[in-house]
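Shown next, in structure tokens, is the structure this report addresses.
Values reported hereafter were calculated over all heavy atoms of this structure, with side chains retained and with hydrogens, waters and symmetry mates removed.
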Amino acid sequence: MIQKSLPSLFTIGNLMLGMFGILMAFDGKLSMAAILVIIAMLLDGLDGRVARALKCESEFGKELDSLSDVVSFGVAPALIMYLTSLQELNSALGWTVTAIFPVFGALRLARFNVRPGIPGYFVGLPIPAAGGVLATLALFHKDVSAPFMIVATLLLSYLMVSTVKYPNFKKIGLPKKAYVGAPVVIVIAVAVAVVFPEQIAKLIFGLLALYALYGFRQSVGVLTARRQRRRRKRRTEDKVYHSKNG
């Protein structure tokens, strides 16, 4: 019984960290709020792997995971960004940009739950990665202008609902014995993050931003390829037209 509940405990831990992140953001502890989002990502990555390793995957766990992700990687990062960079803007603009992110994240999760995926890939930027980028990007608010933050938030929102393929790394599994040490790894990660919250958050930002930009580059490449194909098609049609009409 306890074994079957273990993945859900990781998911509930993810949800609680998301809530704690929201509360810390309201208290002005923004670096720690971002760190809690990152640690929630760690738990989110473990729950599915633990469920597969223990062969106790369920629809209940899948739905609980999605609901938790909306809070931890949708609402919490959007709120952190709002409090750091968007709060001083026009209310309508700040509120709209802030709301778009978790809404698009929820759409991304709903699509993930009902559509068959592509083996080895996620379709669209996963919400944990998008939320991690947004939460840690907000820590650069003193060095980055509000318009840039708006563009970044909207871009991440778009990438979540896009059809860009991202590698999912799900095939990188762990033996069952490794999960016994998972709580120890989490405790160590939390301890390091508490001692160096801002430094760790900014380091994680770099890694997650590269992952997000990979998809953006792929998206630009796909659009460029489509335009080139259209141009070639038009040229071919023009040649055929001129050859027929002298």
Residues which pass side chain to side chain donor-acceptor pair (under 3.5 Å) with Thr11, listed by chain and number, not counting sequence neighbours: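 Only Asp47 meet the side chain to side chain donor-acceptor pair (under 3.5 Å) criterion with Thr11.
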Set of residues satisfying side chain to side chain donor-acceptor pair (under 3.5 Å) with respect to Asp69, sequence neighbours excluded: Asn14
Show me the side-chain donor-acceptor pairs of residues 136-152 shorter than 3.5 Å, one per line, residues at least two apart or across chains.
unit_1: Thr136; atom_1: OG1; unit_2: Gly132; atom_2: O; d: 2.7
unit_1: Thr136; atom_1: OG1; unit_2: Val133; atom_2: O; d: 3.2
unit_1: His141; atom_1: ND1; unit_2: Ala138; atom_2: O; d: 2.9

Look up atom [atom1] in [X] and atom [atom2] in [Y], then write down how far apart they are to the nearest 0.5 Å.
{"X": "Ile80", "Y": "Leu86", "atom1": "CD1", "atom2": "CG", "answer": "12.0 Å"}
{"X": "Ile35", "Y": "Met24", "atom1": "CD1", "atom2": "CE", "answer": "11.0 Å"}
{"X": "Leu107", "Y": "Arg111", "atom1": "CG", "atom2": "CZ", "answer": "9.0 Å"}
{"X": "Phe73", "Y": "Leu109", "atom1": "CZ", "atom2": "CG", "answer": "10.0 Å"}
{"X": "Met32", "Y": "Leu23", "atom1": "CE", "atom2": "CG", "answer": "12.5 Å"}
{"X": "Arg108", "Y": "Ile127", "atom1": "CZ", "atom2": "CD1", "answer": "8.5 Å"}

Verdict with reasoning, Phe26 to Leu79, per side-chain contact (heavy atoms from CB on, under 4.5 Å): CA-CA 9 Å; Phe26 276 124; Leu79 181 61; 3.6 Å; yes
Lys29 NZ: over 12 foreign heavy atoms closer than 6.0 Å: no
Note, [X] side chain near [Y] side chain (heavy atom, < 4.5 Å):
{"X": "Lys165", "Y": "Phe122", "value": "no"}
{"X": "Leu208", "Y": "Ile38", "value": "yes"}
{"X": "Leu64", "Y": "Ser8", "value": "yes"}

Stepwise ring-ring contact (aromatic ring centres under 6.0 Å, His included) check, Tyr121 with Tyr166: CA-CA 5 Å; Tyr121 292 93; Tyr166 284 86; 9.5 Å; no
Leu67-Phe112 co-clustered via ILVMFWY side chain contacts under 4.5 Å: no
Hphob cluster co-occupancy, Val114 + Met160, side-chain heavy atoms under 4.5 angstrom: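 Shared cluster, no.
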Residue pairs fulfilling side chain to side chain donor-acceptor pair (under 3.5 Å) with at least one residue in residues 124-135, sequence neighbours excluded: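 Qualifying pairs: none.
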Non-neighbouring partners of Ala209 that pass side chain to side chain contact (heavy atoms under 4.5 Å, CB included), sequence neighbours left out: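 Once residues adjacent in sequence are excluded, the partners of Ala209 under the side chain to side chain contact (heavy atoms under 4.5 Å, CB included) criterion are Phe205.
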Donor + acceptor pair across side chains of Asp44, Ser72 (<3.5 Å):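 There is no such pair between these side chains.
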Minimum heavy-atom distance between Gly13 and Leu43, given as atom pair plus value: C-CD1, 3.5 Å
Return a table of donor-acceptor pairs under 3.5 angstrom between the side chains of residues 90-106 and protein atoms on other chains or two or more places apart.
unit_1: Asn90; atom_1: OD1; unit_2: Ala92; atom_2: N; d: 3.0
unit_1: Asn90; atom_1: OD1; unit_2: Leu93; atom_2: N; d: 3.3
unit_1: Trp95; atom_1: NE1; unit_2: Tyr82; atom_2: OH; d: 3.2
unit_1: Thr96; atom_1: OG1; unit_2: Ala92; atom_2: O; d: 2.6
unit_1: Thr98; atom_1: OG1; unit_2: Gly94; atom_2: O; d: 2.7

Audit row: Leu30, Thr84, side-chain contact (heavy atoms from CB on, under 4.5 Å) steps and yes/no: CA-CA 8 Å; Leu30 299 170; Thr84 56; 3.2 Å; yes
